[in-house]
Amino acid sequence: MLAECVDGCPPALWLSGTHPRPYWKIAYHVTAYTHCFLFPSFDLWEKWPHHRREATWTFDEDGIGIPEIEPYTPEQVMDYIRLIQGQVDERIDVLNLEEDDCGIPWYKGLARAELLILNARHISEHVGQLHELQIAAGLDVD
C-alpha cells in the first residue's frame with residue numbers, strides 16, 4: 001500500500017504540503033523507519049546509500065527547526081521500497097523476536113516483537129495520511 005502511494009504519484013502532489021511535512025517527506029519518513037526497524041538495532045541499520053537524516057524528520061521537538069532539503073523523487077523512494085521488499089524475509093529471519101529490548105534508542109525497553117507491531121501501525125498510519133492527501137487531490141485510491 002505504501003508503494004501505491006509513491007508509484008506514479010503526480011509531481012504536484014509529491015511536492016505538496018507545508019514544510020516540514022510535504023507529501024514526499026512523509027513517504028520517505030515511513031519508508032526509512034520501516035527499513036530501520038527491520039534491523040537488530042539502530043546502530044546496525046544498514047542505511048540506504050542515498051539516505052539523508054534530515055529527510056526522516058517530520059516534526060520539530062526541540063524548537064531548533066528542521067532544514068528544508070532537496071526532495072527525493074518518487075522513483076528514488078520506489079527504489080528504496082523495492083530494496084526493503086527484497087530484504088523483509090531475510091531481515092525477519094535474523095531477528096530474535098524474544099528480545100526484551102528492540103535496540104532502538106527512543107523505544108528503550110520495547111520488546112523486539114512489539115517493535116514489529118509498532119512498525120506495522122506506523123506504516124498504516126502514514127499510508128492512511130497519504131491516502132487522505134491523494135483523495136483531497138482528487139485521485140482515486142484502491
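Every heavy atom of this structure was used, including side-chain atoms; hydrogens, water molecules and symmetry mates were not. Note that the structure is predicted; figures quoted are calculated from it, not measured.
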Given 3.5 Å as the limit, does a donor-acceptor pair link the side chain of Trp14 with the main chain of Tyr72, or not?
yes

Can you check whether Leu13's main-chain N or O pairs, donor with acceptor, with Ser16's side chain at less than 3.5 Å?
yes

Examine distances only and state if a side-chain atom of Ser124 and a backbone atom of Ala120 form a donor-acceptor pair shorter than 3.5 Å.
no

Leu44 with Trp106, same ILVMFWY side-chain cluster at under 4.5 Å:
no

Is there a donor-acceptor contact under 3.5 Å linking the side chains of His131 and Glu4?
no

Using the side chain to side chain donor-acceptor pair (under 3.5 Å) criterion, which residues pair with Gln85? Sequence neighbours excluded.
none

Do the side chain of Gln87 and the main chain of Ile84 share a donor and acceptor less than 3.5 angstrom apart?
no

A cation-pi test, strictly: NZ or CZ of Arg91 under 6.0 Å from the centre of the six-membered ring of Phe37 and no more than 45 degrees from its axis. Yes or no?
no

Partners meeting side chain to side chain donor-acceptor pair (under 3.5 Å) with Tyr33 (sequence neighbours left out)
none

Test ring pair (Phe, Tyr, Trp, His ring centres under 6.0 Å) applied to His50 - qualifying residues, sequence neighbours left out
Trp48

So, Arg112 side chain and Glu98 main chain: donor-acceptor pair closer than 3.5 Å or not?
no

Lys25 side-chain N/O to Glu54 backbone N/O, donor-acceptor pair under 3.5 Å
yes

May I ask you to check whether His29 and Trp24 place their ring centres under 6.0 Å from each other?
no

